Amino acid sequence: AEPANERLVVALAELLVDRGENDEALALLERVPGSDDARRIAAAARLASAGGAPVDDYDAQLEALLATVKDDDDARQKFVDILELMGPDDPRTAAWRKRLTATLF
């Protein structure tokens with residue numbers, strides 16, 4: 001997709017998530033799978049569908065999920081989605097990614 005179209009798709013998907021239309025947002029985001037913003041909004045949509053994203057209790061959520069990520073695909077997806085919402089600028093993200101990798105491998 002062109003950058004302008006990609007921004008429009010992401011903005012529309014973000015509005016859909018805000019309205020609780022998470023499945024529609026995810027379907028729309030399949031058109032622009034590569035962008036950072038699209039991944040962040042998709043993560044928010046999946047977390048909202050699963051009962052809501054943590055406000056910023058990320059550490060407690062991640063700690064709880066870490067125990068089950070090896071054998072539970074849903075827990076692993078939720079863990080990755082929370083990291084996506086935290087973003088690369090959050091200083092905790094890299095440390096949690098390392099803990100995930102150590103747990104899985």
Side-chain angles (χ1 to χ4, degrees):
E2 295 177 24
N5 288 345
E6 185 175 296
R7 285 194 303 271
L8 287 172
V9 168
V10 169
L12 178 56
E14 193 163 19
L15 287 172
L16 289 169
V17 171
D18 289 344
R19 291 175 42 180
E21 298 177 31
N22 302 304
D23 292 339
E24 293 84 350
L26 288 168
L28 186 62
L29 289 168
E30 288 177 7
R31 295 166 57 181
V32 291
S35 89
D36 290 341
D37 286 335
R39 285 195 308 274
R40 182 179 52 80
I41 300 302
R46 283 190 298 271
L47 287 169
S49 291
V55 177
D56 188 9
D57 194 13
Y58 297 132
D59 291 316
Q61 287 269 338
L62 292 169
E63 191 69 52
L65 288 166
L66 197 61
T68 59
V69 291
K70 191 166 180 103
D71 301 314
D72 182 343
D73 290 342
D74 291 335
R76 189 167 42 257
Q77 182 64 60
K78 188 171 183 180
F79 193 100
V80 171
D81 286 342
I82 291 171
L83 292 180
E84 194 68 49
L85 280 184
M86 289 169 66
D89 295 333
D90 189 312
R92 300 171 292 177
T93 301
W96 279 111
R97 283 194 192 283
K98 285 179 187 161
R99 288 186 68 187
L100 175 63
T101 301
T103 300
L104 294 176
F105 305 103

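Since the structure is predicted, the reported quantities are computational estimates derived from the model, not experimental observations.
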Summary of salt bridge (charged side-chain N to carboxylate O under 4.0 Å, His left out) pairs that have at least one residue in residues 64-73, sequence neighbours excluded
D73-R76
Side chain of T93, backbone of G87: donor and acceptor closer than 3.5 Å?
yes
Approximate separation, where rounding is to 0.5 Å, of L100 CG and L65 CG:
10.0 Å
Can you tell me how far CZ of F79 sits from CG of L104, rounded to the nearest 0.5 angstrom?
8.5 Å
For E30, side-chain hydrogen bond (donor to acceptor under 3.5 Å, both in side chains) partners two or more places apart:
none
Kindly write out the residues that satisfy side chain to side chain contact (heavy atoms under 4.5 Å, CB included) with E63, not counting sequence neighbours, or none if the list is empty.
W96, R99
To the nearest 0.5 angstrom, please state how far the CD1 atom of I41 sits from the CG atom of L12.
11.0 Å
Going by salt bridge (charged side-chain N to carboxylate O under 4.0 Å, His left out), name the pairs with one or both residues in residues 17-28, residues two or more places apart or in two chains.
R19-E21
Kindly determine whether L83 and L62 satisfy side chain to side chain contact (heavy atoms under 4.5 Å, CB included), including the steps that lead there.
CA-CA 9 Å; L83 292 180; L62 292 169; 4.0 Å; yes
Checking D37 now: which residues fulfil side chain to side chain contact (heavy atoms under 4.5 Å, CB included) with it, not counting sequence neighbours?
V10, S35, R40
Assess the residue pair K78 and D81 against the criterion (salt bridge (charged side-chain N to carboxylate O under 4.0 Å, His left out)); give the C-alpha distance rounded to whole Å, side-chain angles, the decisive distance to 0.1 Å, and a yes or no.
CA-CA 5 Å; K78 188 171 183 180; D81 286 342; over 6 Å; no
Using side chain to side chain contact (heavy atoms under 4.5 Å, CB included) as the criterion, list what pairs up with A42, not counting sequence neighbours.
L26, L29, R46
Which heavy atom of A25 sits nearest to which heavy atom of V17, and what is that distance?
CB-CG2, 3.6 Å
